[in-house]
Amino acid sequence: MPELPEVEILVRHLAPLLRGKTVRRVDVRRAKVIAPTTERALSRILRGAKFIGVERRGKYLLFTLRVPRRRNPVLLVGHLGMTGRIYLLPKENPLPRHAAVVMELGRHLFVYEDTRYFGRLTLDTSGPCRLGPEPLGREFSVDYFADTLQRSAQSIKVKLLDQTLVAGIGNIYASEALFRARISPKLPARRLARKQIQHLWEAIREVLKEAIDCGSTLPLDFSGTRRRDGLFYYGAAGDESKFYQERLRVYDRGGEPCVRCRTTIRRVVQAARSTYFCPHCQR
DNA sequence: CACCATGTTCCTTG
DNA sequence: CCAAGGAACATGGT
């Protein structure tokens with residue numbers, strides 16, 4: 001899935017394109033992704049609604065729309081799961097096989113496609129309501145981070161994936177941040193020293209900021225017409241994503257030498273997910 | 001066929 | 001009650 005940086009880049013891309021556009025028609029092709037909203041309800045509320053803005057919260061996309069004859073704007077919540085994509089497609093182009101929700105907007109279609117259908121595009125706001133603070137925001141202080149970590153026996157890697165602790169870190173950036181901070185992913189959260197917590201806090205912010213900077217300087221193509229799909233994250237096709245992948249220091253580098261000490265990078269499984277780390281640099 | 005995959009939620013076990 | 005681990009969700013790539 002896109003983690004925080006990928007969603008941030010997508011939101012920045014979509015915001016100016018969507019602002020002022022009116023939804024003419026809503027086509028739900030996979031009911032699961034709008035649950036618990038029904039197709040009737042989604043269609044009734046969104047038809048005639050106009051996009052005001054798009055924001056990101058953690059890994060969620062928040063679309064705000066003004067609805068005719070309604071006081072308050074409506075919030076449409078998106079989450080890309082592992083394989084979700086959102087882009088505008090010229091009307092004459094064929095729809096992708098796994099188009100889950102399609103909205104007609106003038107000459108373009110708003111397409112939410114998702115091969116595995118793990119993501120969401122819904123009126124249900126409970127997802128983003130459960131999130132912890134933004135890692136790049138004011139609320140995410142070192143003190144808050146330390147207080148929360150001291151109360152958990154969970155391994156620090158698994159803890160970083162807890163979206164109620166801090167929102168937006170996923171499997172890739174959890175490994176990357178721990179490598180940067182030189183902390184073992186297996187260390188129980190409560191056993192981190194204050195200095196390590198400070199380092200990890202900085203590493204998280206640096207890793208995320210650098211990924212956003214990287215994405216915002218690349219010439220991304222969001223057209224969705226194969227090849228480069230605009231999502232520059234790990235696993236995407238195209239030269240840009242290769243360039244991006246090279247920036248990851250440990251993720252998916254099991255068996256390769258550590259860039260700092262040449263020790264072989266190890267892959268371990270924690271909470272059923274892969275973790276990559278350098279057993280020498282990270283103790 | 002085997003195993004792996006950017007995420008979240010739910011269930012079981014201890 | 002809580003934490004931890006695993007399965008489920010669904011599809012595709014290697």
Side-chain angles (χ1 to χ4, degrees), chain A residues 1-11 29-36 56-61 77-86 96-100 112-122 124-132 135 148-177 185-191 204 207-208 211-212 214-215 226 229-238 240-242 244-245 247-255 267-276:
Chain A
M1 133 194 111
E3 302 183 26
L4 183 152
E6 292 79 26
V7 177
E8 177 66 26
I9 295 300
L10 178 60
V11 163
R29 309 169 66 89
R30 182 67 71 122
K32 178 196 170 192
V33 306
I34 67 168
R56 178 193 60 71
R57 178 79 176 88
K59 305 172 193 173
Y60 287 87
L61 297 113
V77 174
H79 192 293
L80 300 178
M82 297 269 261
T83 52
R85 297 168 177 172
I86 291 174
R97 175 196 294 270
H98 299 294
Y112 161 47
E113 77 161 302
D114 191 346
T115 40
R116 291 169 76 180
Y117 303 107
F118 286 178
R120 285 288 180 278
L121 189 67
T122 178
D124 172 28
T125 57
S126 63
C129 286
R130 284 192 290 266
L131 296 175
T148 316
L149 293 186
Q150 298 306 337
R151 281 184 274 110
S152 174
Q154 212 164 27
S155 72
I156 185 61
K157 155 63 173 14
V158 175
K159 198 67 195 165
L160 289 180
L161 299 180
D162 177 356
Q163 303 296 299
T164 68
L165 165 66
V166 56
I169 301 173
N171 206 39
I172 292 175
Y173 297 108
S175 280
E176 292 297 314
K186 298 178 199 168
L187 192 63
R190 63 160 67 119
R191 298 210 17 234
I204 288 167
V207 158
L208 296 176
I212 292 171
C214 173
R226 283 294 78 87
D229 59 17
L231 296 179
F232 61 94
Y233 54 79
Y234 173 77
E240 286 78 8
S241 82
K242 266 186 214 145
Y244 176 67
Q245 257 180 72
R247 300 167 37 82
L248 301 177
R249 306 247 209 255
V250 283
Y251 185 81
D252 203 29
R253 291 184 182 278
R267 170 185 177 270
V268 293
V269 174
Q270 295 179 284
R273 321 266 334 252
S274 292
T275 301
Y276 298 89

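We name chains A, B, ... by the order of the sequence lines, and we start the count at 1 in each one.
You'll find that the side chain of H79(A) is closest to dG7(B), out of dG7(B), dG12(C), dA5(B). Ranking dG7(B), dA4(C), dG12(C) by closeness to the T115(A) side chain, first place goes to dG12(C). Among the nucleotides dG12(C), dA5(B), dC9(C), the one closest to any side-chain atom of K32(A) is dC9(C).
Counting to the nearest Å, the P atom of dG7(B) and the CZ atom of R273(A) are 5 Å from each other. With rounding to whole Å, D252(A) atom CG is found 12 Å from dT14(C) atom C1'. The CZ-P distance, from R116(A) to dC4(B), rounds to 13 Å in whole Å. Rounded to whole Å, atom P of dA3(C) lies 15 Å from atom CD1 of I156(A). Whole-Å rounding puts the L165(A) CG to dA3(C) C1' distance at 15 Å. Protein atom CG of D114(A) is 16 Å distant from nucleotide atom P of dC9(C), rounded to whole Å. Rounded to an integer number of Å, the gap from L161(A) CG to dA3(C) P is 16 Å. Here the C1' atom of nucleotide dA5(B) and the CG atom of L248(A) are 15 Å apart, to the nearest Å.
Side-chain contact between H79(A) and T122(A) is absent, with no heavy-atom pair separated by less than 4.5 Å. With a 4.5 Å cut-off on side-chain heavy atoms, F118(A) and M82(A) count as touching. Taking 4.5 Å as the limit, some side-chain heavy atom of L61(A) sits within range of a side-chain heavy atom of V7(A).
Note on S274(A): only backbone sugar-phosphate atoms sit closer than 4.0 angstrom, heavy atoms only; bases stay farther off. When heavy atoms are screened at a 4.0 angstrom cut-off, R120(A) is found touching no nucleic acid atom at all. R130(A) comes within 4.0 angstrom of the backbone, heavy atoms only, and of no base.
Comparing dA2(B) with dA7(C), their P atoms sit 15 Å apart, to the nearest whole Å. Separation of the C1' atoms belonging to dC1(C) and dT8(B) is 22 Å when rounded to the nearest angstrom.
Proximity of a side-chain donor or acceptor of R56(A) to a complementary backbone N or O of G58(A) within less than 3.5 Å is detected. Side-chain atoms of E3(A) do not come within 3.5 Å of backbone N or O of K59(A) as any donor-acceptor pair. Between the side chain of K32(A) and the backbone N or O of R120(A), no donor-acceptor pair lies under 3.5 Å.
Applying the 4.0 Å criterion to OP1 and OP2 of dA3(C), one finds that K159(A) has every side-chain N and O outside that range. OP1 or OP2 of dT11(C) lies within a sub-4.0 Å distance of a side-chain N or O belonging to R30(A). For T83(A) and dA10(C), the shortest distance from a side-chain N or O to OP1 or OP2 is not below 4.0 Å. Listed pair Q154(A) / dA3(C) fails the phosphate criterion, with no side-chain N or O lying under 4.0 Å from OP1 or OP2. Between H98(A) and dT11(C), a side-chain N or O to OP1/OP2 separation shorter than 4.0 Å is absent.
Both Y276(A) and Q163(A) lie near DNA chain B, and the one whose nearest nucleotide falls closer to the 5' end is Y276(A).
In a base pair of the Watson-Crick type (N1 to N3 plus N6-O4 or O6-N4) or a G-U wobble (N1-O2 and O6-N3), with each distance short of 3.5 Å, dA10(C) is matched with no nucleotide.
Residue ring and nucleobase are stacked for F118(A) and dG7(B), with a centre distance beneath 5.5 angstrom and an angle between planes beneath 30°.
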